[in-house]
Amino acid sequence: MDDPFAPRPEHKFSFGLWTVGNRGRDPFGDPVRPRLSPIEIVELLEEVGAWGVNLHDNDLVPIDATPAERDRIVTEFAQACGTHGLKVPMVTTNLFTDPAFKDGAFTANDPAVRAFAVQKAMGAMDIGAELGATILVMWGGREGTETDGCRRPDVAVARLREAVNFLCEYSLARGYGYRFALEAKPNEPRGDIYMPTTGAYLGFIPTLDHPEMVGVNPEVAHVHMTGLNMTHAVGQAWEVGKLFHIDLNDQVIGRFDQDLRFGSANPKAAFWLVKFLEDVGYDGPRHFDAHAYRTEGIDGVKDFARGCMRTYLILKDKAARWNLDPEIQDLVSALDHPSHPAPPVGRYSDKGAAALRSYDVDRTALGSRELHYERLDQLTTDILLGVR
Ligand code: GLT
Ligand code: MN
Ligand code: MN
């Protein structure tokens, strides 16, 4: 029998070269896994059933490659993706590994660092365009501070705007057709990062020259690090048409940056997220920005990658079950019914305002209405734990 939780191309599951290629290095320990070449990673991703592969410029092309080496590497990689049936939906720029970026890239004080950062981002966009990518993720891991004596935060924001505006124009000038997806994180590797939340980026985007080209790339772990709700962040982005990409993984609050297998730490939060994405019909890539435990070898990396996709599909199945469950639907449909007749709020009109002013509110009735969320949540738990 066919595995109902087997990944298929229409699920649009993607992994970064840096995710399955992660060698298990951490601040206290050396790598535990061999280096896989980008083409070996493509082979591994085909084997586990992924649809797409994403990359930073330097995951593929070493930072010191000559132009001729760069061309050869990109051409060979494009061929390998074709042979193994993998798309390259997204590219991004590594603006955090090289010591040149130790005090920021686009927001650095040194104009030479800012110029290097924009040059490098243009190079990443060139690579992506050759590989067919149309999404450019921008994660400003170094765009932050340990001491705020270094620069004013408003100056940093203005510099970030200048860079994003420049790169949007570059995409237009070259006809690349990129959509930019800005990825927030509260801290790590910097003590504090300037754009800590998806909401911060949603406030920044309307100040750009081409806001229509720019959206967000929320990441589960980055939201959970601060104890916030990923589904709420994603919901706000979706509601304004800005969910251009998503990074799926997991993270326990209060821990170091864990990048765990999707759904492995908080399956209930993952359930609400998957349910939201499926309910609204998000049709972008489902990118897993995570890596295998440090205990694992290559077999474990495959287990990790398969696990991310399998958990997503199990939760998708649970979400469909939740949507069809008669008892749940009875509880949910009761929620939108007014407890007694009331005028609609709607768009402002003098008539509507008058109706609301004269509305005779029964506060006691409103406050004593029972909502049955205990029952609703337990039914959800029953579904998640497999007894319903
Ligand atoms: C890095 C980071 C991720 C970002 C990647 C894109 S790099 O792994 O932790 O969250 O999405 O630059
Ligand atoms: Mn990420
Ligand atoms: Mn991350």
Side-chain angles (χ1 to χ4, degrees), residues 13-27 31 41 52-61 63 88-98 101 104-107 117 120-121 123-125 127-128 133 135-144 160 163-164 167 178-190 193-198 201 215-226 228 230 233-234 237 243-253 255-262 264-266 273 284-292 294 304-305 308:
F13 290 136
S14 61
F15 291 83
L17 285 180
W18 70 94
T19 64
V20 280
N22 177 286
R23 299 184 58 195
R25 180 191 286 117
D26 71 19
I41 294 174
V53 57
N54 304 313
L55 49 106
H56 297 86
D57 48 355
N58 304 136
D59 297 339
L60 181 63
V61 181
I63 195 165
V88 182
M90 172 274 259
V91 294
T92 182
T93 320
N94 185 325
L95 296 172
F96 44 90
T97 299
D98 194 273
F101 301 122
F106 299 137
T107 64
K120 205 164 179 302
M125 290 165 71
I127 293 172
I135 301 168
L136 184 85
V137 161
M138 294 176 79
W139 173 64
R142 297 279 172 202
E143 314 290 11
L160 185 62
V164 177
L167 293 169
Y178 275 110
R179 306 216 301 164
F180 292 62
L182 310 182
E183 177 178 346
K185 190 177 186 185
N187 55 265
E188 214 181 333
R190 295 313 296 267
I193 296 177
Y194 288 121
M195 292 290 175
T197 62
T198 292
Y201 271 133
V216 292
N217 177 40
E219 172 170 317
V220 178
H222 298 178
V223 177
H224 287 188
M225 281 173 76
T226 28
L228 298 177
M230 174 68 169
V234 167
L243 188 65
F244 285 11
H245 198 261
I246 192 163
D247 277 2
L248 302 171
N249 56 8
D250 217 342
Q251 166 81 31
V252 178
I253 183 176
R255 309 292 171 88
F256 63 92
D257 188 348
Q258 294 178 303
D259 285 338
L260 296 167
R261 191 179 74 257
F262 179 58
S264 60
N266 193 338
L273 177 60
R286 274 93 172 139
H287 173 233
F288 297 104
D289 186 8
H291 52 75
R294 196 162 176 272
F304 148 80
C308 286

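One is the number of the first residue; the rest follow in order along the sequence. Both counts, for ligands and for their atoms, begin at 1 and track the order of listing.
For Glu143 (side chain) and Phe106 (main-chain N/O), a donor-acceptor pair under 3.5 Å exists by modelled atom type. When atom types are taken as modelled, the side chain of His287 and the backbone of Gly16 share a donor-acceptor pair closer than 3.5 angstrom. Between the side chain of Gln258 and the backbone N or O of Val252, at least one donor-acceptor pair lies under 3.5 Å.
Glu219 contributes atom OE2 as its closest N/O/S atom to the Mn ion (ligand 3). Here the N, O or S atom of Asp247 that is nearest to the Mn ion (ligand 2) is OD2.
For ligand 1, the protein residues placed under 4.0 Å by at least one non-hydrogen atom are Trp18, His56, Thr92, Phe96, Trp139, Glu183, Glu219, His222, Asp247, Asp289.
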Audit row: Phe288, Phe13, ring pair (Phe, Tyr, Trp, His ring centres under 6.0 Å) steps and yes/no: CA-CA 7 Å; Phe288 297 104; Phe13 290 136; 5.5 Å; yes
Side chain to side chain donor-acceptor pair (under 3.5 Å) between Asn54 and Ser14, worked out: CA-CA 7 Å; Asn54 304 313; Ser14 61; 3.2 Å; yes
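Geometry at the Mn ion (ligand 2): OE2/Glu183 and OD2/Asp289 form an angle of 160°, nearest 10 degrees.
In summary, the side chains of Asn249 and Asp259 do present a donor paired with an acceptor at a separation below 3.5 Å, with no hydrogens or angles considered.
With a 6.0 Å cutoff to the six-membered ring centre and a 45° limit on the axis angle, Arg179 counts as a cation-pi contact of Phe244.
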